[in-house]
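The structure under discussion appears below in the form of structure tokens.
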Amino acid sequence: MVFFSSCRVSSPKLCGSVIFVAKKQQQCVITISNRCITSKAMREGLPPVNKPPPFPYKEKRYNFFRALFDPTTSRLDENSKLIVVEGPPAAGKGVLAKELADDLGMAYFPSPTVAENYLNDYGYDLRQLDDQLPESCKSYDENDFLKDPMRLNGSKAARFQLSKLALRYKRYLEALAHILNTGQGVVMDRSPYSDLVYITAMAEVGIVSKNVYNYYHSVRNNALFALWRPHMVIYLDVPIVETKRKIEARNRPYEKDSKMATPEYLKSLVNSYKKDFLKDISTHAEVLVYDWTKPANTEIVVEDIERVNFDQYGIYDAKMKDWRCYDKWDWNNNRQVFTHSQHYLLAHLNVPPIKCPEIVISGTDNKIREAIMEEAPGNKFAKGFNSEMGDKGILFKLS
């Protein structure tokens, strides 16, 4: 069953990427005429759209001089959208997101993990150094969280969830950069906007304190304002009993017997999804909610997406507000920020935990950690400048 949140449904219609300019009270807003997202099947047989090839933003810097000849809007069309797939654990978010990305000709961005963050640029697993580190500095990834969420009275779990927020924030920035530099839409598995449901559930079942909960929200509120909210959120609604069954069926290490798989935790998670996340995000994004007790055919979801009219909102509507820019240079400037100033935006996550001492690592422990990490293979210098890892021509490298 499909529910549309604040969404009028219209018949699918393919539209070009025409620039729409609205003037009122000497203000100018530029957006993209984007009546509806179209699948690859709908585009089949149509003449190719004449637009520049994707900009190689990972190899080249987008600066003022390139912006003179490469306006951001020249690549954007009706499929230059950000779609996020959400739902409880084991709902099938990743599978659906991959299939949607393939059917719509978009890029798939999976949910990041803490575990993959322990591998440095040369593939060395920093978890091998745990026996040399103080307890407060030892690795703590998804399996550790499932196995022992109360380690160090929940302080490890608190830092873990803050790390997840930071990783999702960074992945979301990468998605925004991809859209603005290539024109290709993105389908994501979860986002930093929904991350709050996990800290809410953790607080309600007693894994983290109210103090940690409040600090998490201070970090979240200090950082999310800098992002553009998604165009669409797809929520997969699965009953608690079925979620529990699916968790047991996929049989991941430590998960099925974890406190994170109890009915109490799952119920709190789903309640927060519906009362907090979906209620808030629906003020900006289109929201599709599906009963996913039994996964539906992806083509049905694609058809529902194609029916959504994104062009129905005016320049003063709250819906899609983040994706309206004043002029082409506003588009260009935001593209530059999301692509090359990610470190500045990530700094918004650095809120001093003055009132939350339980997540702080002592100076003594941190000093030991830094000394050990600096000596790890490939960690002494930036990537490309470590001769012991086989890097060549270091003397002639400028960056």
Side-chain angles (χ1 to χ4, degrees), residues 84-94 111-115 140-169 172 188-221 223-224 233-248 250 252-282 287 289 292-293 349 353 356 358-359:
V84 178
V85 180
E86 299 282 356
K93 300 179 293 297
S111 180
T113 65
V114 172
Y140 191 79
D141 58 21
E142 284 77 11
N143 282 340
D144 295 315
F145 175 62
L146 293 172
K147 187 178 180 180
D148 185 12
M150 297 306 299
R151 189 184 299 182
L152 296 184
N153 295 321
S155 63
K156 296 288 282 187
R159 288 196 289 269
F160 167 81
Q161 198 55 48
L162 287 163
S163 297
K164 291 287 281 188
L165 174 63
L167 291 172
R168 287 187 176 125
Y169 192 93
Y172 199 87
M188 295 187 70
D189 179 355
R190 293 203 181 113
S191 76
Y193 292 97
S194 64
D195 192 75
L196 86 162
V197 305
Y198 295 93
I199 200 71
T200 299
M202 289 163 66
E204 290 186 0
V205 299
I207 296 174
V208 299
S209 66
K210 188 70 174 177
N211 208 27
V212 170
Y213 175 83
N214 291 334
Y215 173 71
Y216 173 93
H217 277 276
S218 68
V219 174
R220 183 178 187 272
N221 295 338
L224 290 189
V233 170
I234 298 172
Y235 180 73
L236 308 182
D237 193 19
V238 181
I240 304 299
V241 175
E242 182 63 16
T243 298
K244 178 72 174 175
R245 189 196 66 78
K246 288 184 176 183
I247 289 174
E248 293 176 351
R250 71 180 181 181
R252 287 184 179 176
Y254 313 115
E255 186 180 29
K256 64 178 181 178
D257 298 320
S258 171
K259 195 172 184 177
M260 306 304 109
T262 60
E264 294 78 17
Y265 177 84
L266 295 174
K267 182 178 179 180
S268 178
L269 190 76
V270 170
N271 287 343
S272 183
Y273 250 127
K274 294 177 179 179
K275 295 179 181 178
D276 300 327
F277 169 67
L278 291 179
K279 181 180 178 181
D280 178 66
I281 203 69
S282 64
V287 177
V289 180
W292 215 250
T293 305
L349 296 164
C356 190
E358 53 261 56
I359 71 163

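Closest of all the heavy-atom pairs between P89 and R250 is CB-NH2, 4.1 Å. Minimum heavy-atom separation, P239 to T293: CD-OG1, 3.1 Å. Between Y216 and L196, the shortest heavy-atom distance links the atoms OH-N, 3.3 Å.
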Which donor-acceptor pairs under 3.5 Å do side chains of residues 203-212 form with protein atoms, sequence neighbours excluded?
residue	atom	partner	partner atom	Å
E204	OE1	S268	OG	2.4
S209	OG	N211	N	3.4
S209	OG	V212	N	3.2
S209	OG	E358	OE2	2.8
N211	ND2	K355	O	2.6
N211	ND2	E358	OE1	3.2

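For D257, there are no salt bridge (Lys or Arg N to Asp or Glu O under 4.0 Å) partners two or more places apart in sequence or in a different chain. The side chain to side chain donor-acceptor pair (under 3.5 Å) search around D276 returns S272, not counting sequence neighbours. Not counting sequence neighbours, the partners of F145 by the ring pair (Phe, Tyr, Trp, His ring centres under 6.0 Å) test are F160. Not a single salt bridge (Lys or Arg N to Asp or Glu O under 4.0 Å) links E248 to another residue, sequence neighbours left out. Qualifying ring pair (Phe, Tyr, Trp, His ring centres under 6.0 Å) partners for Y265, counting only residues two or more places apart in sequence or in other chains: none.
The backbone N or O of I281 sits nowhere less than 3.5 Å from a side-chain atom of Y193 that would complete a donor-acceptor pair. For the pair D148 (side chain) and D144 (backbone), a donor-acceptor distance under 3.5 Å is absent. Judged by distance alone, the side chain of K244 and the main-chain N or O of T262 form no donor-acceptor pair under 3.5 Å.
A donor-acceptor pair shorter than 3.5 Å can be found between the side chains of S194 and E86.
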Practice item. Apply side-chain contact (heavy atoms from CB on, under 4.5 Å) to the pair I247 and L266, showing each step before the final yes or no. Key: CA-CA 11 Å; I247 289 174; L266 295 174; 4.3 Å; yes
